[in-house]
Amino acid sequence: MHAPRTRVQRRPVHGVLLLDKPLGLSSNDALQKAKWLLRAEKAGHTGTLDPLATGVLPLCFGAATKFSQLQLDAPKTYEAVALLGATTTTGDAEGDVVERREVLPEQVTPERLAAVQQQFTGPIRQVPPMHSALKKDGKALYEYARAGVTVEREARDVVIHALKLTLVQTDQAQPAIKIVVTCSKGTYIRTLGEDIGAALGCGAHLTFLRRIDTGGLGVERCVTLAQLEAMPEAERLAALEAPESLLAQHMRVTLDGENAARFLSGVRRRGNWPDASAVAVFGESPPALLGVGHIVGGELVPDRLLSPLEIQQILEGMPHPQASGTLEKL
């Protein structure tokens, strides 16, 4: 008989892992793998990234999960490649080819690309793809798509903050468009690629998608799962950024001991502050993140607070108890 495996001993972990998500892994699978490697009690991601996409996926642990919505709402920047001359059932290389068309030289001139780039910059409307996690009558659209059913979808308003289109050649010597786009939440890059292909008159589908920034968190700051796994277990926590790394766009307010304690109890504080919709609030001594709030009429109003236990664990650098037995494989 095999000896029973000892389950991983979880521990309180607080912070943000900026993960460079690998190709082919779902966001949730990546989260569970990282959670297991860090032996974390509580974790969540900041919005899904397609299995076929790579790049920045901030994973929140412990107290940082309280601020994950901020990244969900943040603008995001992607690099993508749209292969011209073919449309597919999914809008990417995973789907079956629906139609092939010849790509004519006049469809991809610099002037034509500049005009299409202008057309898709600013507020636009998109019809969400069938292969998406959006729900219709309690069921994800991709479930209908897998069953061969197409359902009515309403167009949605999104904003393309910046767009750059460049003609490139692929390995198959077939023309393609490199897309660099900064967009609002809810933007489907596969749909954008398809719509750009339609506007050029030759059709297109994505063959590559990489998120390079979300809310100012760039891919150059990310670690891979392979890198995390290769680290000695005791060093993995050092790969985490502090929870306040999610609050870089917030106004910073520091409170003295008495005001910090009152704020942490959910009591509004008065001060000589300008109105602000997003404020990161810190204690002075010890210096620690207390939570987030907003200021109106000189009054600091608590919105999301850390618990005293979370603050204590963060200040103590999170104890690293040794796991008993062997870590259980996922």
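These values consider heavy atoms only, across backbone and side chains, with no hydrogens, waters or symmetry-generated copies. As the structure is a prediction and not an experimental result, all values here were calculated from the model.
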Colleague: Mind checking whether Lys42 and Lys35 have side chains closer than 4.5 Å, heavy atoms only?
Modeller: no

Colleague: Heavy-atom count check: over 12 atoms from other residues, nucleotides or ligands less than 6.0 Å from Gln227 CD?
Modeller: yes

Colleague: I'd like to know if Glu241 and Arg221 make a salt bridge, using a cut-off of under 4.0 Å between side-chain N and carboxylate O.
Modeller: yes

Colleague: Would you say Val16 and Leu59 make side-chain contact, with heavy atoms under 4.5 Å?
Modeller: no

Colleague: Work out which heavy atom in Leu83 is nearest to a heavy atom in Pro175; give both atom names and the distance.
Modeller: CD1-O, 3.9 Å

Colleague: Do you see a donor-acceptor pair shorter than 3.5 Å between the side chains of Gln313 and His14?
Modeller: yes

Colleague: Cation over ring, Arg304 on Phe67, under 6.0 Å and within 45°?
Modeller: no

Colleague: Please check if Val103 and Leu167 belong to a single hydrophobic cluster, counting links between Ile, Leu, Val, Met, Phe, Trp and Tyr side chain heavy atoms closer than 4.5 Å.
Modeller: yes

Colleague: Is the count of non-hydrogen atoms from other residues, nucleotides or ligands lying under 6.0 Å from Glu220 atom CD greater than 12?
Modeller: yes

Colleague: Return yes if some donor-acceptor pair links the side-chain N/O of Glu284 with the main-chain N/O of Thr254 below 3.5 Å, else return no.
Modeller: no

Colleague: Could you measure the distance from the CG atom of Leu52 to the OG atom of Ser26? Nearest 0.5 Å is fine.
Modeller: 11.5 Å

Colleague: Give a yes or no on whether a salt bridge exists between Arg252 and Glu244, defined as a side-chain N under 4.0 angstrom from a carboxylate O.
Modeller: no

Colleague: So, for Gln107 and Gly201, which heavy atoms are closest and what is the spacing to 0.1 Å?
Modeller: NE2-O, 3.1 Å

Colleague: Report yes if some heavy atom in the side chain of Asp213 is under 4.5 Å from a heavy atom in the side chain of Val219; otherwise report no.
Modeller: no

Colleague: Going through the checks in order, is the salt bridge (charged side-chain N to carboxylate O under 4.0 Å, His left out) test met by Glu79 and Arg211?
Modeller: CA-CA 6 Å; Glu79 286 181 352; Arg211 186 155 71 191; over 6 Å; no

Colleague: If you take all heavy atoms of Ala204 and Leu84, which pair is closest and at what distance?
Modeller: CB-CD2, 3.9 Å

Colleague: Begin with the C-alpha distance, continue with both residues' side-chain angles, and end with the deciding distance and a verdict on side chain to side chain contact (heavy atoms under 4.5 Å, CB included) for Arg39 and Glu233.
Modeller: CA-CA 10 Å; Arg39 296 197 281 118; Glu233 206 231 337; 2.5 Å; yes

Colleague: Dump the intermediate steps for side chain to side chain contact (heavy atoms under 4.5 Å, CB included) on Leu290 and Leu306, then the final yes or no.
Modeller: CA-CA 6 Å; Leu290 307 178; Leu306 273 65; over 6 Å; no

Colleague: Using 4.0 Å as the upper bound for N to carboxylate O, is an ion pair formed by Lys33 and Glu229?
Modeller: yes

Colleague: Is it true that Asp20 and Arg210 have a side-chain N and a carboxylate O under 4.0 angstrom from each other?
Modeller: yes

Colleague: Linking I/L/V/M/F/W/Y whenever their side-chain heavy atoms sit closer than 4.5 Å, directly or via other members, would Ile314 and Phe282 fall into one cluster?
Modeller: yes

Colleague: Please examine the side chains of Val180 and Tyr78, heavy atoms only from C-beta on, and report whether any two atoms are closer than 4.5 Å.
Modeller: no

Colleague: Taking only residues two or more places apart in sequence, or in another chain, which ones meet Thr48 in a side chain to side chain contact (heavy atoms under 4.5 Å, CB included)?
Modeller: Ser27, His45

Colleague: Hey, mind stepping through Glu299 and Arg270 against salt bridge (charged side-chain N to carboxylate O under 4.0 Å, His left out) and telling me if it holds?
Modeller: CA-CA 5 Å; Glu299 200 166 48; Arg270 291 205 68 83; 3.7 Å; yes

Colleague: Dump the intermediate steps for salt bridge (charged side-chain N to carboxylate O under 4.0 Å, His left out) on Lys66 and Glu310, then the final yes or no.
Modeller: CA-CA 12 Å; Lys66 295 180 175 181; Glu310 288 170 335; 2.9 Å; yes

Colleague: Could you check if a side-chain atom of Val253 sits within less than 4.5 angstrom of a side-chain atom of Ile295, using non-hydrogen atoms only?
Modeller: yes

Colleague: State, with a plain yes or no, whether a side-chain heavy atom of Val281 is found less than 4.5 Å away from one of Val292.
Modeller: no

Colleague: If you define the side chain from C-beta out and look only at heavy atoms, does anything of Ile177 sit under 4.5 Å from Leu200?
Modeller: yes

Colleague: Checking Lys164 side chain against Ala162 main chain: does a donor-acceptor pair fall under 3.5 Å?
Modeller: no

Colleague: Nearest 0.5 Å, what's the CG-OG1 distance between Leu72 and Thr46?
Modeller: 7.0 Å

Colleague: Any donor and acceptor pair, going by atom type alone, linking the side chain of Ser265 with main-chain N or O of Ala261 inside 3.5 Å?
Modeller: yes

Colleague: Spell out, yes or no, whether Ile160 and Ile189 are grouped together once hydrophobic residues are joined by side-chain heavy atoms under 4.5 Å, including indirect joins.
Modeller: yes

Colleague: For Gly91 and Glu194, which heavy atoms make the closest approach, and how far apart are they?
Modeller: CA-OE2, 3.4 Å

Colleague: Are more than 12 heavy atoms from other residues, nucleotides or ligands located less than 6.0 Å from atom CD of Glu94?
Modeller: no

Colleague: For residues Ile311 and Leu289, report the shortest heavy-atom separation together with the two atoms involved.
Modeller: CG1-O, 3.7 Å

Colleague: Leu300 versus Leu255: any side-chain heavy-atom pair under 4.5 Å?
Modeller: yes

Colleague: When rounded to the nearest 0.5 angstrom, what distance separates CG in Leu19 from SG in Cys222?
Modeller: 7.0 Å

Colleague: To the nearest 0.5 Å, how far apart are CD1 in Ile196 and OG1 in Thr191?
Modeller: 11.0 Å

Colleague: To check you understand the geometry: which heavy-atom pair defines the closest contact between Gln126 and Leu192, and what is its length?
Modeller: NE2-N, 3.6 Å

Colleague: Is Met231 reachable from Leu237 through a run of I, L, V, M, F, W or Y residues, each pair having side-chain heavy atoms under 4.5 Å apart?
Modeller: yes

Colleague: Could you tell me whether a side-chain N or O of Thr89 sits under 3.5 Å from a main-chain N or O of Asp96, the two making a donor and an acceptor?
Modeller: yes

Colleague: If hydrophobic clusters are built from ILVMFWY residues whose side chains come within less than 4.5 Å, do Val13 and Leu225 share one?
Modeller: yes

Colleague: Side chain to side chain contact (heavy atoms under 4.5 Å, CB included) for Leu228 and Leu17? Distances and angles first, verdict last.
Modeller: CA-CA 10 Å; Leu228 193 67; Leu17 181 71; 3.9 Å; yes

Colleague: Mark yes or no for whether Asp50, through its side chain, and Ala53, through its backbone, hold a donor-acceptor pair below 3.5 Å.
Modeller: no

Colleague: What is the distance from atom CE of Met251 to atom CD of Gln249, rounded to the nearest 0.5 Å?
Modeller: 14.5 Å

Colleague: Which of these passes side chain to side chain contact (heavy atoms under 4.5 Å, CB included) with Ile179: Leu209, Val81, Leu163?
Modeller: Leu163

Colleague: I would like to know whether Phe263 and Val267 meet side chain to side chain contact (heavy atoms under 4.5 Å, CB included); could you show each step before the answer?
Modeller: CA-CA 5 Å; Phe263 179 82; Val267 181; over 6 Å; no

Colleague: Please tell me whether Thr90 and Asp92 have a donor and an acceptor in their side chains that are separated by less than 3.5 angstrom.
Modeller: yes

Colleague: Do the side-chain N and O atoms of Gln71 and Thr214 include a donor-acceptor pair separated by under 3.5 angstrom?
Modeller: yes

Colleague: How long is the gap from OG1 on Thr77 to CG on Leu217, to the nearest 0.5 Å?
Modeller: 11.0 Å

Colleague: Do the side chains of Arg156 and Glu154 get close enough for a salt bridge, i.e. N-O under 4.0 angstrom?
Modeller: no

